[in-house]
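One structure is given here, and the rest of the page talks about it.
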Amino acid sequence: MKLYTSARAPNPRRVTMFMAEKGMDGVEQINVDMQANEHRTPAYLSKNPLGRVPALELDDGRVLCETRAICTYLEGLQPEPNLMGEGYEERAFIEMADRRVELHLFSGIANWVRHSHPGLAFLEQPQFAAFGAAQGEKMREIAHWLDQTLAQQAYVAGARFTIADITAFCALEFARGLMKFRPGDEGMAHLQAYRDRIAERPSAKAPW
C-alpha cells in the first residue's frame, strides 16, 4: 500500500499516528508537496479528484480517501491494538467523541489557519479574516468543553486511548504550531496536561 501524505499537514498526521499506534510499518509513504501544488497535478487528481491528503492506494489500485475512512480500513486490516471500539456500543461512543473533536475543534482550528494565516493563503483564496477570527473563538469554546471533560476522565472518549485522542492531539498540535495556542495559558489546565501526556507517546513523535 501507498499513503500519500504531506509534511506537517494535520490530517495525514492522524493516519501516520494511527499506524504508529498499531505498529504498522509496511505502508510506503509518498510526500505530496502542497506548496508546489503537487496536490493539483493531473497525476494526483487521478487518485483523489478533490486534491486532498491523505489518500491510501491499496495493492489492487483502488484509492481510499478521507482520514476516518482510511483509519477504519486499517483497523479492519489489523484489529489490535483496538482504537475504534469493541462492539457496537463502544464503537458508537468512540465515534461520537471523535466526530465532536473533528467537527468542532479540529475544523475550527483549520478554518482559523486557512483564513487567518498568511502562510496558508495559497490554499484558501480568498481568505476571510473575520470568519477566521470567529472560528478561533468557537474553537476555544470547544476547547473549554474538552478541558472540563478531561477533568473527569483520562481520555477523550473515556478510560482508554482511542482514535478520538489521535484526532484531538493532532488538532491541538496544529493549533500549537500556527495559532500559538497553549491551553494552559488560557486557563485550561486539564487540556494542557492531557496534551503534554499524549505528546510523550512514541506515536506522537513519529514521523514528526
Side-chain angles (χ1 to χ4, degrees), residues 1-78 81 83-84 98 101-103 105-125 127 132 161 163-181 195 198-208:
M1 294 186 294
K2 297 177 182 177
L3 179 67
Y4 292 87
T5 182
S6 187
R8 303 293 177 180
N11 278 314
R13 186 177 189 180
R14 289 165 65 192
V15 175
T16 56
M17 189 171 175
F18 190 90
M19 292 193 303
E21 285 288 337
K22 286 187 168 290
M24 301 179 75
D25 55 9
V27 180
E28 179 184 356
Q29 295 190 35
I30 299 173
N31 188 63
V32 178
D33 188 344
M34 299 181 75
Q35 288 192 314
N37 281 328
E38 288 183 359
H39 60 299
R40 294 174 179 160
T41 63
Y44 188 71
L45 292 175
S46 70
K47 300 181 185 299
N48 184 355
L50 299 183
R52 304 291 179 90
V53 289
L56 181 68
E57 186 172 357
L58 308 183
D59 292 338
D60 63 8
R62 290 179 298 163
V63 179
L64 188 60
C65 302
E66 308 305 332
T67 300
R68 193 61 157 71
I70 291 171
C71 290
T72 297
Y73 180 84
L74 296 174
E75 178 91 340
L77 196 65
Q78 185 171 309
L83 296 173
M84 301 181 81
D98 189 40
V101 171
E102 180 179 44
L103 292 173
L105 182 72
F106 193 102
S107 292
I109 293 165
N111 285 331
W112 184 94
V113 168
R114 292 176 76 98
H115 288 278
S116 302
H117 198 287
L120 273 291
F122 73 97
L123 285 178
E124 199 70 50
Q125 284 296 328
Q127 286 183 313
F161 183 91
I163 189 173
D165 297 293
I166 292 174
T167 302
F169 177 76
C170 290
L172 291 171
E173 290 303 275
F174 193 35
R176 179 182 174 85
L178 293 179
M179 293 181 73
K180 307 304 179 187
F181 175 64
R195 178 266 159 202
I198 301 300
E200 292 302 313
R201 298 178 75 94
S203 65
K205 299 177 173 61
W208 276 258

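These numbers were taken from a predicted model, which means no experiment stands behind them.
Looking only at side-chain heavy atoms (C-beta outward), Leu77 and Met24 come within less than 4.5 Å of each other. Val53 is listed as a side-chain neighbour of Pro12, based on a closest heavy-atom distance under 4.5 Å. Using a 4.5 Å heavy-atom cutoff, the side chains of Phe161 and Arg201 are in contact. With a 4.5 Å cut-off on side-chain heavy atoms, Arg13 and Thr67 do not count as touching. Within the 4.5 Å cutoff, the side chain of Glu28 has no heavy atoms near those of the Leu3 side chain.
The two residues His39 and Met34 come nearest to each other via the heavy atoms CE1-O, 3.3 Å. Between Arg52 and Asn48, the closest heavy-atom pair is O-ND2, 2.9 Å. Between Gly132 and Trp112, the closest heavy-atom pair is O-CD1, 3.0 Å. Summarising the geometry of Glu21 relative to Ser203, their closest heavy-atom pair is OE2-OG, 2.5 Å, with the distance given to 0.1 Å. When all heavy atoms of Leu105 and Ala171 are compared, the pair lying nearest together is CD2-CB, 4.1 Å. Closest heavy-atom contact between Val63 and Ala55: CG1-CB, 3.9 Å.
With values rounded to the nearest 0.5 angstrom, Cys65 atom SG is found 10.0 Å from Glu57 atom CD. One distance of note links CG of Leu50 with CG of Leu45; it measures 9.0 Å at 0.5 Å rounding. For the atom pair CD (Glu66) and CG (Leu56), the distance works out to 12.5 Å, reported to the nearest 0.5 Å. Atoms CD1 and CG, from Ile163 and Asp98 in turn, are 5.0 Å apart once rounded to the nearest 0.5 Å. Atom CG in Leu64 sits 6.0 Å away from atom CG in Leu58 (nearest 0.5 Å). Atom CE in Met1 sits 10.5 Å away from atom CD1 in Ile70 (nearest 0.5 Å).
For Arg176 (side chain) and Cys170 (main-chain N/O), no donor-acceptor pair under 3.5 Å exists by modelled atom type. Between the side chain of Asn37 and the main chain of Arg40, no donor-acceptor pair closer than 3.5 Å is present. When atom types are taken as modelled, the side chain of Glu75 and the backbone of Met84 share a donor-acceptor pair closer than 3.5 angstrom. The backbone N or O of Glu200 lies less than 3.5 Å from a partner atom in the side chain of Lys205, making a donor-acceptor pair. Between the side chain of Ser6 and the backbone N or O of Val32 there is at least one donor-acceptor pair closer than 3.5 Å. Under the 3.5 Å distance criterion, the side-chain polar atoms of Lys22 are matched with a main-chain donor or acceptor of Pro81.
Both tests do not hold together for Arg195 against Phe169: distance to the six-membered ring centre under 6.0 Å, angle to the ring axis within 45°. Annotation: cation-pi pair Arg8/Phe174 absent, no NZ/CZ under 6.0 Å from the ring centroid and within 45° of its normal.
A donor atom on one side chain and an acceptor atom on the other are not found under 3.5 Å apart for Tyr44 and Glu38. For the residue pair Thr167 and Glu102, no side-chain donor N or O sits within less than 3.5 Å of a side-chain acceptor on the partner.
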Item to check | Derivation of the side chain to side chain contact (heavy atoms under 4.5 Å, CB included) call for Asn31 and Tyr4 | outcome: CA-CA 6 Å; Asn31 188 63; Tyr4 292 87; over 6 Å; no

Next on the checklist: Pair Val15, Leu74 - check side chain to side chain contact (heavy atoms under 4.5 Å, CB included), show working.
Outcome noted: CA-CA 9 Å; Val15 175; Leu74 296 174; 4.2 Å; yes

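The side-chain hydrogen bond (donor to acceptor under 3.5 Å, both in side chains) test applied to Asp60 returns Arg62, not counting sequence neighbours.
Within a 6.0 Å radius of CG in Asp25, other residues, nucleotides and ligands contribute 12 heavy atoms or fewer.
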